[in-house]
Protein chains: 2
Amino acid sequence: MSRGPLLSGYEPHRRPRSPRRGRATSTQATLRDVADAAGVSVTTASVALNDVRAGVRVSEPTRRRVREVAKRLEYRPNSVARSLRTQSTQTIGFISDEVTTTPFAVSMLAAAQAEAARHDQLLFVLNVGVDATPAMQRRAVDALVEHRVSGIIYACMHHREIDAPDFLPQRTVFLNARDVTGRHRSIVPDDEQGGRLAATALVEAGHERIGYLDDSAGNVAAPLRRKGFQDVLRESGLGRSASWERSATPDVSGGRDTELFFDLPIDQRPTGLFCFNDRMAMGAYQRLRRLGLHVPDDLSIVGFDDQEFIAAELDPPLTTVRLPLAEMGARAVQQVLDADPATPDEQTVRVPCTLVRRASVGAPPAVLEQG
Amino acid sequence: MSRGPLLSGYEPHRRPRSPRRGRATSTQATLRDVADAAGVSVTTASVALNDVRAGVRVSEPTRRRVREVAKRLEYRPNSVARSLRTQSTQTIGFISDEVTTTPFAVSMLAAAQAEAARHDQLLFVLNVGVDATPAMQRRAVDALVEHRVSGIIYACMHHREIDAPDFLPQRTVFLNARDVTGRHRSIVPDDEQGGRLAATALVEAGHERIGYLDDSAGNVAAPLRRKGFQDVLRESGLGRSASWERSATPDVSGGRDTELFFDLPIDQRPTGLFCFNDRMAMGAYQRLRRLGLHVPDDLSIVGFDDQEFIAAELDPPLTTVRLPLAEMGARAVQQVLDADPATPDEQTVRVPCTLVRRASVGAPPAVLEQG
DNA sequence: CTGAAAGCGCTTACAG
DNA sequence: CTGAAAGCGCTTACAG
């Protein structure tokens, strides 16, 4: 029954309505077109194509015929009509606080989209700046609500805490941000556990004096990472010294321009350093280089983020903690689609980080061992 | 007329239909709800809210009343219904060949979304891998077509040439890719002009022997950049030598592991180097460093891409050519929305690159001048 | 197994 | 200036 390609002749429409129908150009075939061409009712065509109660609702030959016609006419169901009828668009809104703008956290988006596709959902992606006014945010949310998305994911580039505005629909989940009102579910990385990972990597390599280059910009991740880091040091019975801790802007210049501990007597300086993020670590590399020092011979370094094009490309490649951004993105979609609201104590999901071992961690300098 | 917040009482629905309507929870108000509460017909409510022929179609007092009620009920028009009726979803599909996955070209997406918002359009974002089979691509396109997007943007991470599959709707535009069938419009960066920019920067700094580290991976941008580069050298009356040209994989290792020209006699080596991209330039930095050489004192370097977190963060910061990704993304949306199909010779839009001057270009080493 | 009918929530001629 | 009616393209009781 292959009567040639695209839009070949079939029985003319019985439909008397629009005279515009020349069918010359590529008007999309409707379900009615299919039904007419197959000689069945629209009801039957619908059922046949959707396989509702397959085999019993519609006879197999009819089903086949409808499907063949649909194929021949290149029928594509109109999900707009379907959505209106079923009161369900297969659609999720993804609002981002710059994640689409900054390469940094884009894997959240990619993973969210992939997970959405797995559930036959499409993603509307909307970028509002970090500095968006409430009015701008509201406009973004409204656009999504008007399109009747089944839920909204509000994603942030950096782990943040947010006082959720009240114009957000019930079915909103925060991604890489925690809603402090507790009204919405939140998915965040487990920064504290990540900090533990970093410290552990250094401790296990034999370091006993470990410094920390902290963030001075007030990221909510900072105290968490620091806590995990310090807990491990304490549990390992290692000392701490205020002179081993520094803080700076969380970027390359922060890492490069911060004076480290090389003014300390050689037997009192840290032999390992944990940096709040990879960019600071990159800056620390640059500073060491200017000092004629080497990683990891003179100083072992652990970063945070496993940032693409940085961590793996540094010389030597950086050992770092990887944020579970992809998993977080996927989880966000699952949460949005998940019917039952989480119990209160499950409102915040913390996804664990992983350690990526590369070449920036080595044993402590031998000369210092005996110091 | 502020009768309290959300869903406060108004005249009960005359609508006898669904008994499900408890209105207890947050059911979205419909236009009919608004009309009932305002004591007008649905027609009038629609016209009042949409400002059709403002002032003449509906009296000002009526208009105001309807709007007040709409506000009180937190009415949000249902664009699904509107789309079905008007046969126009305000929606564009953005299919990406990994752009959402790789931080690299994400600004195309961000700019496209911003431009779309400017036209009251929402973007469906879909990521298909570079290695997606035709069947997978088709599924992505179908999903978009079923949602009746008004057009599709097919974005590629790297400048490519594509033989457009025939299942793409007419209104598709390629972004960062050229459709070789000529059936669709394409927006690409002007790599040749970018190559000219790079060469010019070096020539103007006084370099007379300029090397090129080319891409060996077959990127379509490579011959274009090389041509622009070489044209400028020729026009400047500078010589060329095969021994000044190398090619390697377009990443950090490619730049780092390629032997440059330091085996040549000092008065015959290039004093400037143009790298196919920033990552190769980053690799070249690393190699020079191992050789104990400095940028730009020993070698001036120009990259390509102005890649975030790399170009500006290198030590010294890299002079490079910036791809007009944001402008390209915005143009793509304009093209999709643009009713009149371009004339054949306008099928491909080439957007110019810009030079970003930083610190990796200096004068040629003095010692070599006299060579 | 099949079809006629209602209705999702809008917009837009059309008639008053 | 206002409203009743049709219809966008589907799905889904409901009745045969």
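In what follows, every chain begins at residue 1, and chains take the letters A, B, ... in the order their sequences are listed.
Considering only side-chain N and O atoms, T44(A) lies under 4.0 angstrom from the phosphate OP1 or OP2 of dG3(C). For dT11(D), neither phosphate oxygen OP1 nor OP2 lies less than 4.0 angstrom from any side-chain nitrogen or oxygen of Q87(A). Taking 4.0 angstrom as the limit, Q28(B) places none of its side-chain polar atoms (N or O) nearer than this to OP1 or OP2 of dG9(C). For dT11(D), one of the phosphate oxygens OP1 or OP2 lies less than 4.0 angstrom from a side-chain nitrogen or oxygen of S46(A).
Look at CG on L49(A): it is 10 Å from P on dC10(D), rounded to the nearest Å. Counting to the nearest Å, the P atom of dC10(C) and the CZ atom of R148(B) are 21 Å from each other. The interatomic distance linking Q90(A) (CD) with dT11(D) (C1') rounds to 14 Å, in whole Å. For the pair R82(B) CZ and dC8(D) P, the computed distance is 19 Å after rounding to whole Å. Distance R76(B) CZ to dG9(C) C1': 16 Å, rounded to the nearest Å. Whole-Å rounding puts the N78(B) CG to dC8(C) C1' distance at 8 Å.
Side chain of T62(B), nearest nucleotide from dG9(D), dT2(D), dG9(C): dT2(D). Closest contact between the side chain of S59(A) and the listed nucleotides dG7(C), dC1(C), dG9(C) involves dC1(C). Relative to the side chain of S41(B), the nucleotides dT2(C), dA4(D), dT12(D) differ in distance, and dA4(D) lies closest. In the set dG9(C), dT12(C), dT12(D), the nucleotide with an atom closest to the side chain of T86(B) is dT12(C).
For Y154(B), the ring pair (Phe, Tyr, Trp, His ring centres under 6.0 Å) partners two or more places apart in sequence, or in a different chain, are F174(B). Legend: residues meeting ring pair (Phe, Tyr, Trp, His ring centres under 6.0 Å) with Y75(B), ordered by chain and number and at least two apart, are absent. By the side-chain hydrogen bond (donor to acceptor under 3.5 Å, both in side chains) test, E115(B) pairs with R118(B), H119(B), Q334(B), sequence neighbours left out. Remark: S41(B) engages T44(B) in a side-chain hydrogen bond (donor to acceptor under 3.5 Å, both in side chains) (not counting sequence neighbours). Every residue was checked against the side-chain hydrogen bond (donor to acceptor under 3.5 Å, both in side chains) condition with S79(A), not counting sequence neighbours, and none meets it. Among residues two or more places apart in sequence or in another chain, the side-chain hydrogen bond (donor to acceptor under 3.5 Å, both in side chains) test is passed with R82(B) by N50(B).
Between the side chain of R65(A) and the backbone N or O of A38(A), at least one donor-acceptor pair lies under 3.5 Å.
The list of side-chain hydrogen bond (donor to acceptor under 3.5 Å, both in side chains) pairs with a residue in residues 133-143 of chain B, not counting sequence neighbours, reads R76(A)-D142(B).
F94(A) and F124(A) have their aromatic ring centers separated by at least 6.0 angstrom.
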Would you tabulate the nitrogen or oxygen pairs shorter than 3.5 Å linking the protein to nucleotides 13-16 of chain D?
none

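Counting only Watson-Crick and G-U wobble pairs whose two distances sit under 3.5 Å, DNA chain D takes part in these stems of three or more pairs: C:1-3 with D:14-16, C:5-12 with D:5-12, C:14-16 with D:1-3.
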